[in-house]
Amino acid sequence: MRAIETEILVIGGGVTGVGVAWDAALRGFDVILVERRDLAHGTSGRFHGLLHSGGRYVVKDPVSARECIHENRILRRTHAHCIEDTGGFFVVTPEDEDSDYPDRFVQACAETGVPCQEMAVSQALRREPRLNPRISRVFRVPDASVDGFQLTHATAQAARQAGARIFTYHQVTDLLVAGGEGDVRVVGARVFDAVRAEEMEIRAAMVINAAGAWAGRIAGMVGSRVDIVPGKGVMIATAHRLVNTVINRCKWPSDGDILVPAHTVSIIGTTDVPVADPEDLRIEEWEIRKMLAEGEKLIPGFARTRILRAWAGVRPLYRESAVTDDRDISRKFTLLDHQERDGVAGFITITGGKLTTFRLMAEKTVDRAAAHLGPRRPCITAETPVPGAEHGPYWLGHRLREVEDGRLQNQLICECELVTRGMLESAARLNPTVTLDDLRRDVRLGMGPCQGGFCTYRAVGVIHELKLGHGVTPDTEGSDWRVADLQSPAGNPGRGRPPVSGPEPVSSLADHLYDPNLLLRDFLQERWKGVVPIVWGQQLKQEQLDRLIYLSIMNVDHLPDAGLKSPLSDFYGVDVTPNDVLEEPHD
Amino acid sequence: MFNADTWLPPEVSLDLCIKCNICVSYCPVAEATDLFPGPKYAGPQAQRFRMAGQPAPDLSVDYCSGCRVCNEVCPNDVNIMEMNARARAALVAEKGIPLRNRLLGRNELLGKVGSRAPRLANFALHNPVSRVAVDALFGIAKEAPLPRWSTTGTFVDWWEKHYPHRLISDKKVVYFHGCATMYYEPFIGKAAVAVLEHMGYEVIVPPQNCCGLPMLSNGEFKAAGKLYDNNLRKLGPLAAEGYDIVGTSTSCTLTLKEEAPHLLDRHSETTQALTHAVWDIFEWIRDHEDELPRDFIQMEMVIPYHPPCQYRAHRVGRPSMDVLALIPGVEVHESHARCCGIAGTYGYKKEKYDIAMKVGQELFSFILEEEEHHHTEFNACDSETCRWQIEHGTGQESRHPIEILAAAYGLYDLETRTTL
Ligand SMILES: Cc1cc2nc3c(=O)[nH]c(=O)nc-3n(C[C@H](O)[C@H](O)[C@H](O)COP(=O)(O)OP(=O)(O)OC[C@H]3O[C@@H](n4cnc5c(N)ncnc54)[C@H](O)[C@@H]3O)c2cc1C
Ligand code: SF4
Ligand code: SF4
Ligand code: SF4
């Protein structure tokens, strides 16, 4: 069995894990991060997309609010290109008029230092014409929209530049333990490399468990009890942007009360349902109905607009003791030093919190690790921009502008999201890739209205040509990992059509997993999964067309190699067995 | 018919697109040039990346000619052309308008100025030296089929002379002549008045101004709004009184009917009333077919006919073909070409002239084949700029169907374009 050594082993390639790896590497620690799938495959890639100003928490959880506004200001500098400065409104809708919440909100903003300004309703409506004209008050806060894929990737690249090694498709199957009764010490982990299909051991002086909603399972491997209540939240995206500002209801936080503009769409969310298993991402009909009904209160006509897709993420909410409503469990993050907590040395768990506060969580975590390993350099993440930040803040039109300037219209693979051939090639070459879904997180492949209808077969063709033609080293460790510019049509001119008989046929796609038909089937299935819950109206028409393309013309359900599976094929399956929560749970 | 309740703003109608590419395979401009990426890209796709208050990300939308082939073929009723027009307006608002487009948008002003000394103006504009200069200075293609000012006075000059002799009747109809008839082709208006009076109608020619279409299609929405509002003031009361308003220019009538209220977001009772009152002249004649005298003379002619693009948006079928078919001996052959290419002022622009000629090629070939097989003398088209383009592209003279109808009553000479 292969065995490697490091000082710090981070488990989990969500935003928390990459944040820890980045911070620790910058301080001079030797770091390895393992993620069992792709980066941001967990909650960090299934969240709502809001860079909190703190406004949402000012009344209920002032500590979180303070953390949010502090981090909000920092990330706008360090991760500029992942953030769109949309600003946010807190609006009082007719449903919420008879409450003292708005006044408490203003007061609490002042106390927590979250900038908040009341503005005239007419002015707000001029800026957002689709907003409910019956709102009675509007407050402006510095909310923003943040891309979780990009943020995670850019931070990972920064970590790599600082010397960290990052292995995707590497799953921790067990923790390595030394010592015995009273003197237990975690000394590493047993890891399964899904791409090479081999086991390995990673030995480390300190293991940091940043496995999000799965953190309880990791801790369980050494018998530490960490109670994570996975809180499932459902979100739905509209086919285009309805608003250009984050819209929050000005009321006690609950379901479906935020609408976030994210790239070309608007996302409403979320629900919050405790589930037993963090992999349980089933979406119930009532959840969809609820999101539509709540959306209607913010944007009249919302329930009739075209919905693209629904998905769910799980909140890693930690509880020390049983509490009933999981919104009341702390949204603050949880840092557990298992040596102090349950006498297991060399092991720290960091979980909970928010994407907005990931940097702060990482800082505190590495402080703690340094307390055990001996201090190195101080934390500098707050002053260190990640690669790509130099491009400045995101703006909606940038892709279209670059396609126009470079006259790249003929290079479009995904027409809806303006993904060019060059972008796709770069992503496949430079980033560890096992499924097309990995490329989706890199470049937004298949995320537009046709949901992969026209780009899936094109992308498979491009990848296949790459595989046959260009010499690229297989790489799930990402030696030439460049993710900061993948989103830019101009930054990725592409190599054009490769010669069919090129050098040794290799690519970053794992050989034994590589099969064009498998790529095709997996991605279609993955896209379909998110469409099923909302497939009515125009999206149904769209799926009929997509069905004609793939099932009638391409006969995809009878392609050869039907038995092949990728590590994610099962995950993409659509589970239609009814869940135990058929109706909205009431307390 | 325009209805404020069912009209979808472009940013909503983009959701209806299922990416089927049907529009792309029909768009004549996308076929003629790589500079235009096509209706799906410029319309529902690019629209998702445009945002008020941010710089306009795409310039290529300016290559859309506005011909509406896309709207007609789209199986999902996406208002592609309107989306493109609005995007162009945003571009114009941001970057300003080239002087050339300002000139082309000011059809009425040009008409007025040239009409003071039409012969001089014609010479000044139409000699080869000045065309080269205009091409170089303003970017108006030197080959493009610019019209000539009428040297026999404007339409209203004639109308004032005709006024005392006009037919007085209980049945009245309002005539909207538009700029082209006013300054360049008064004979079209004369033919129209002749036909309407022959039908027993008293014609009313109220004060009016340019419909605003040239400005709309060049993205000058503000200025176009002023023109529309002026017309609304002048024509609105007549519409409210229940008069029908007919026009010989398919583009003017379309603009008054729905183009202006759609693009400019003018939705009120008065605009609705105007929308309902305005008719394309042949749409109106077909609707009043029982009042149409049948004292036609035998004509014996084949006429290749091109339905102008605006008829697509009028959604009235082919009214002039229906009416001309009543004339004994007249055989109308419809062109199934998508567009003549000129699309208002599109083909006048230096950088678009070649595209416009390429787009028009399928129409030109049709007309030339007709000429060869049937020895046709004239072709017909309801829109003035189309006629000029067709004449330019084929060398064959083009007539408005109303001229043919007037001739069929012996009221008009097709050769000399004069009323008899
Ligand atoms: C519905 C919803 C909406 C949200 N909206 C917002 C918002 O708008 N703004 C905001 O700031 N926050 C938001 N959050 C919170 C935020 O998304 C999360 O707090 C954050 O993404 C958690 O990141 P993480 O890295 O801790 O967890 P994750 O992103 O889940 O990362 C954990 C990773 O560990 C990996 N892993 C698990 N087991 C193993 C193993 N055995 N071996 C190796 N790897 C393993 C998983 O694959 C996963 O990638 C939202 C959360 C939810 C659920
Ligand atoms: S209006 Fe005409 S030129 Fe413009 S996109 Fe449609 S078909 Fe093409
Ligand atoms: S024809 Fe209509 S539905 Fe089809 S791609 Fe064009 S705009 Fe979309
Ligand atoms: S000029 Fe005529 S044929 Fe050409 S675009 Fe206009 S209406 Fe169509």
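So you know, we letter chains A, B, ... as the sequences are listed, proteins then strands, and number each from 1.
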Asks: Which answer fits Arg127(A), side chain, backbone, both or neither, if we ask what part of it has an atom under 4.5 Å from a heavy atom of chain B?
Replies: neither
Asks: Would you sort out whether Gln539(A) and Arg306(A) count as a side chain to side chain donor-acceptor pair (under 3.5 Å), showing the intermediate values?
Replies: CA-CA 7 Å; Gln539(A) 201 58 31; Arg306(A) 178 169 172 183; 2.7 Å; yes
Asks: Identify which part of Glu402(A) has an atom lying under 4.5 Å from any heavy atom of chain B, answering side chain, backbone, both or neither.
Replies: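 Neither part; nothing is under 4.5 Å.
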Asks: With no hydrogens and no angle check, do the side chains of Arg547(A) and Gln544(A) hold a donor and an acceptor under 3.5 Å apart?
Replies: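 Yes.
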Asks: If the plane angle is over 60° it's perpendicular, under 30° parallel, otherwise tilted; pick one for Tyr550(A) and Tyr457(A).
Replies: tilted
Asks: With a 3.5 Å distance limit and no angle check, can you tell me whether Arg458(A) reaches the backbone of Ile413(A) through a side-chain donor-acceptor pair?
Replies: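 Yes; judged by distance alone, with no hydrogens or angles, the pair exists.
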Asks: Given heavy-atom pairs under 4.5 angstrom as the criterion, report whether the side chain, backbone, both or neither of Pro55(B) touches chain A.
Replies: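 Pro55(B) touches chain A through backbone and side-chain heavy atoms alike.
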Asks: Has Lys226(B) got more than 12 heavy atoms of other residues, nucleotides or ligands less than 6.0 Å from its NZ?
Replies: no
Asks: Between chain B and each of Leu418(A), Val265(A), Thr238(A), count heavy-atom pairs under 4.5 Å; write down the option with the most.
Replies: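 Heavy-atom pairs under 4.5 Å are most numerous for Leu418(A).
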Asks: Heavy-atom pairs under 4.5 Å with chain B: which of Gly537(A), Cys416(A), Cys450(A) has the most?
Replies: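 Result: the option with the highest number of such pairs is Cys416(A).
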Asks: Can you name the residues that form a ring-ring contact (aromatic ring centres under 6.0 Å, His included) with Phe49(B), not counting sequence neighbours?
Replies: none
Asks: Checking Leu400(A) against chain B: side chain, backbone, both or neither under 4.5 Å from a heavy atom?
Replies: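 Backbone plus side chain of Leu400(A), per the 4.5 Å heavy-atom cut-off to chain B.
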Asks: Evaluate the criterion side-chain contact (heavy atoms from CB on, under 4.5 Å) for residue pair Arg86(B) and Phe221(B); output intermediate values, then yes/no.
Replies: CA-CA 9 Å; Arg86(B) 286 199 184 199; Phe221(B) 278 22; 4.2 Å; yes
Asks: Need one label for Cys17(B): side chain, backbone, both or neither, based on atoms under 4.5 Å from any heavy atom in chain A.
Replies: backbone
Asks: Check the surroundings of atom CD in Glu94(B): do more than 12 heavy atoms from other residues, nucleotides or ligands lie under 6.0 Å from it?
Replies: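 Yes, because the 6.0 Å sphere around CD of Glu94(B) holds more than 12 heavy atoms from other groups.
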Asks: Just to be sure I understand the criterion: a residue of residues 25-36 of chain B counts if one of its heavy atoms is under 4.5 Å from a heavy atom of chain A. Which ones qualify?
Replies: Asp34(B), Leu35(B)
Asks: Examine the side chains of Lys40(B) and Asn21(B) and answer whether a donor and an acceptor come within less than 3.5 Å of each other.
Replies: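 The criterion, which ignores hydrogens and geometry beyond distance, is satisfied for Asn21(B) and Lys40(B).
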Asks: So which of Lys541(A), His398(A), His263(A) has the biggest tally of heavy-atom pairs under 4.5 Å with chain B?
Replies: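 Of the options given, most contacts go to Lys541(A).
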Asks: Ignoring hydrogens and geometry beyond distance, is a side-chain donor-acceptor pair present between Asn71(B) and Glu82(B) at under 3.5 Å?
Replies: yes
Asks: Side chain from CB out, backbone as N, CA, C, O: work out which of these in Leu412(A) comes under 4.5 Å of a heavy atom of chain B, or both, or neither.
Replies: side chain
Asks: Report yes or no: does Arg50(B) contribute a side-chain atom to a donor-acceptor pair with the main-chain N or O of Pro57(B) at less than 3.5 Å?
Replies: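 No: the side chain of Arg50(B) does not pair with the backbone of Pro57(B).
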Asks: When only pairs under 4.5 Å are counted, which of Met51(B), Lys19(B), Gln45(B), Arg48(B) shares the most heavy-atom pairs with chain A?
Replies: Arg48(B)
